Amino acid sequence: MTEIPQELTRFLASASRVVALTGAGASQESGLRTFRDAQTGLWAQYKPEDLASPEAFTRDPKLVWDWYAWRREAIKGARPNPGHYALVEIEKRIPNFTLITQNVDGLHRFAGSQNVLELHGNIQKVRCSECGTFTETWGDDSESVPVCERCGGLLRPDVVWFGEPLPRSELEAAVTASRACQVFFSIGTSGAVQPAAALAHAARNNGSVVVEINAEPTPLTPIVDFALHGKSGEILPGLVRAVWGG
Ligand code: BV8
Ligand code: ZN
């Protein structure tokens with residue numbers, strides 16, 4: 001079991017402004033593959049970056065639509081893990097807590113987190129690639145990509161693809177919170193994707209204590225104040241117990 005340093009425990013007990021940034025590793029113990037894990041089965045031949053882009057969708061909309069349909073199915077069976085619930089507990093204990101996630105699986109809100117910034121969108125939401133209209137239902141014709149009822153445009157997942165801008169209000173709120181926090185957690189992320197990966201540096205440059213909770217070292221490890229390497233579903237509950245008991 002990963003030891004929580006006394007110094008970190010003491011600091012958290014009196015902190016009022018805390019930020020947590022999560023990546024795919026935070027959902028790994030919920031049974032969802034991370035981006036670094038090799039894709040499986042039909043999708044083993046593709047790299048996520050080659051599917052999660054407007055170019056891929058233009059080139060082969062059906063392939064991209066089917067990849068997201070496959071991932072939505074995988075998420076349907078997923079449940080939050082103890083790491084998600086520990087973050088709900090931390091939100092209750094810290095006056096000003098902001099949860100920023102790169103994940104599109106919706107598991108933080110499912111677990112009960114309130115103040116969540118979904119930087120890369122949500123795979124459960126579907127919108128028209130032409131007029132932007134959101135829809136809750138779509139035809140399940142397995143031969144073609146469903147189209148918008150309003151304009152006939154192809155439907156697409158409401159996620160941010162590589163090369164697409166992040167939602168402005170979520171990104172601005174994430175930068176503001178990262179610059180103002182006393183403690184910044186980087187949880188279950190390889191820190192490979194921008195601009196999310198820059199948030200930890202923004203926090204550090206403003207004097208925040210930076211804590212990495214990750215299964216393995218990352219490019220961020222050399223500059224964090226505390227590197228807790230292990231499973232977030234084990235470390236986060238341990239941290240809640242160490243700081244707030246229970
Ligand atoms: C933008 C949604 C500008 C979709 C995602 C060069 C060429 C082209 C582009 C770029 C370039 N250099 C930089 C860029 C920009 C690009 C980028 O960063 N590319 C990377 C690949 C270099 N970024 C963008 O394109 C962004 N947009 O810059 O727009 C712009 C501005 C104005 C106008 C137009 C354009 C958009 C980026 C968002 C892409 N969308 N997701 C989908 O999900 O399908 S990114 C996706 O990948 C995830 O959301 C996440 O962000 C990323 C995966 O990273 P992680 O979450 O960290 O997951 P990973 O598998 O990498 O790591 C998991 C970690 O967990 C591991 O370290 C592992 O050890 C650990 N772990 C595993 N199990 C556990 C664990 N830890 C703890 N406990 C466990 N149990
Ligand atoms: Zn439309």
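Just follow the structure's listing: the first ligand is 1, and inside any ligand the first atom is 1. Below, each value reflects all heavy atoms present in this structure, side chains not excepted, and no hydrogens, waters or symmetry copies. Since the structure is predicted, the reported quantities are computational estimates derived from the model, not experimental observations.
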| task | Write out the residue and atom name of the closest protein heavy atom to atom 3 (C) of ligand 1, then the distance separating them to 0.1 Å. | result | E164 O, 4.4 Å

| remark: Out of D37, T189, I235, I213, the nearest non-hydrogen contact to atom 57 (O) of ligand 1 is supplied by T189

| message | Show me the pairs that pass side-chain hydrogen bond (donor to acceptor under 3.5 Å, both in side chains) and involve residues 171-186, at least two apart or across chains. | response | S16-Q182

| task | Might you check, step by step, whether the distance between atom 8 (C) of ligand 1 and some protein heavy atom is under 4.0 Å? | result | no

| Does A192 have a non-hydrogen atom less than 4.0 Å from ligand 1? | yes

| query | Can you tell me if L166 has a non-hydrogen atom under 4.0 Å from ligand 1? | reply | yes

| Proximity of Q102 to ligand 1 by residue part, where a heavy atom lies under 4.0 Å | both

| message | Any nitrogen or oxygen of A215, side chain or backbone, less than 3.5 Å from one on ligand 1? | response | yes

| Can you tell me which residue and heavy atom of the protein come closest to atom 52 (C) of ligand 1, and the distance to 0.1 Å? | V193 CG2, 3.6 Å

| query | Do E149 and T135 have side-chain atoms, one donor and one acceptor, less than 3.5 Å apart? | reply | no

| request: Determine yes or no for a side-chain-to-main-chain donor-acceptor pair under 3.5 angstrom, with N103 supplying the side chain and D105 the backbone. | output: no

| request: Provide the number and element of each atom of ligand 1 under 4.0 Å from a heavy atom of E29. | output: 78 (N), 79 (C), 80 (N)

| message | For atom 78 (N) of ligand 1, what is the closest protein heavy atom, and at what distance to 0.1 Å? | response | S232 N, 2.9 Å

| field | Under the side-chain contact (heavy atoms from CB on, under 4.5 Å) test, residues paired with T221 that sit two or more places apart | value | E212, P217, T218, A227, H229

| Got more than 12 heavy atoms from elsewhere within 6.0 Å of NZ, K62? | yes

| query | Which atoms from ligand 1 have a heavy atom of S190 less than 4.0 Å away? | reply | 57 (O), 59 (P), 61 (O), 62 (O), 64 (C), 67 (O)

| field | Proximal ligand 1 atoms for R71, defined as those under 4.0 Å from one of its heavy atoms | value | 42 (C), 43 (O), 44 (O)

| How far is atom 68 (C) of ligand 1 from its nearest protein heavy atom, and which residue and atom name does that atom have? | E216 OE2, 3.7 Å

| said: Is the contact between T34 and ligand 1 made by the side chain, the backbone, both, or neither, using heavy atoms and a 4.0 Å cut-off? | reply: both

| said: Show me which atoms of ligand 1 lie under 4.0 Å from any heavy atom of G230. | reply: 77 (C), 78 (N)

| field | Mode of I187 contact toward ligand 1 - side chain, backbone, both, neither (heavy atoms, under 4.0 Å) | value | neither

| Counting each atom of ligand 1 from 1 as listed, which ones have a heavy atom of A24 under 4.0 Å away? | 55 (P), 56 (O), 58 (O)

| note | The number of protein N, O or S atoms lying under 2.8 Å from the Zn ion (ligand 2) is 4

| note | In this structure, atom 38 (C) of ligand 1 is nearest to the protein heavy atom H120 NE2, 3.5 Å

| query | Given G23, P48, G25, which has its nearest heavy atom closest to atom 72 (C) of ligand 1? | reply | G25

| Can you tell me the protein heavy atom closest to atom 18 (O) of ligand 1 and the distance? | Q194 N, 2.8 Å

| said: In this structure, is the centre-to-centre distance between the rings of W138 and W65 below 6.0 Å? | reply: yes

| Does atom 12 (N) of ligand 1 have any protein heavy atom closer than 4.0 Å? | no

| field | Where at least one partner belongs to residues 97-120, residue pairs that pass ring-ring contact (aromatic ring centres under 6.0 Å, His included), sequence neighbours excluded | value | H84-H108

| said: Please list, in number order, the atoms of ligand 1 under 4.0 Å from a heavy atom of Y68. | reply: 4 (C), 42 (C), 44 (O)

| Which atoms of ligand 1 have any heavy atom of G188 under 4.0 Å away? | 63 (C), 64 (C), 65 (O), 76 (N)

| field | Among V160, V159, L32, closest by any non-hydrogen atom to atom 40 (N) of ligand 1 | value | V160

| message | Under a 3.5 Å distance rule, please check whether S27 uses its side chain to pair with a backbone N or O of S30 as donor and acceptor. | response | no

| message | How far is atom 46 (C) of ligand 1 from the closest protein heavy atom, and which atom is that? | response | F35 CZ, 3.6 Å

| query | Does the ring center of F57 lie less than 6.0 Å from the ring center of W161? | reply | yes

| So which heavy atom in the protein is nearest atom 35 (C) of ligand 1, and how far is it from that ligand atom? | G163 O, 3.3 Å

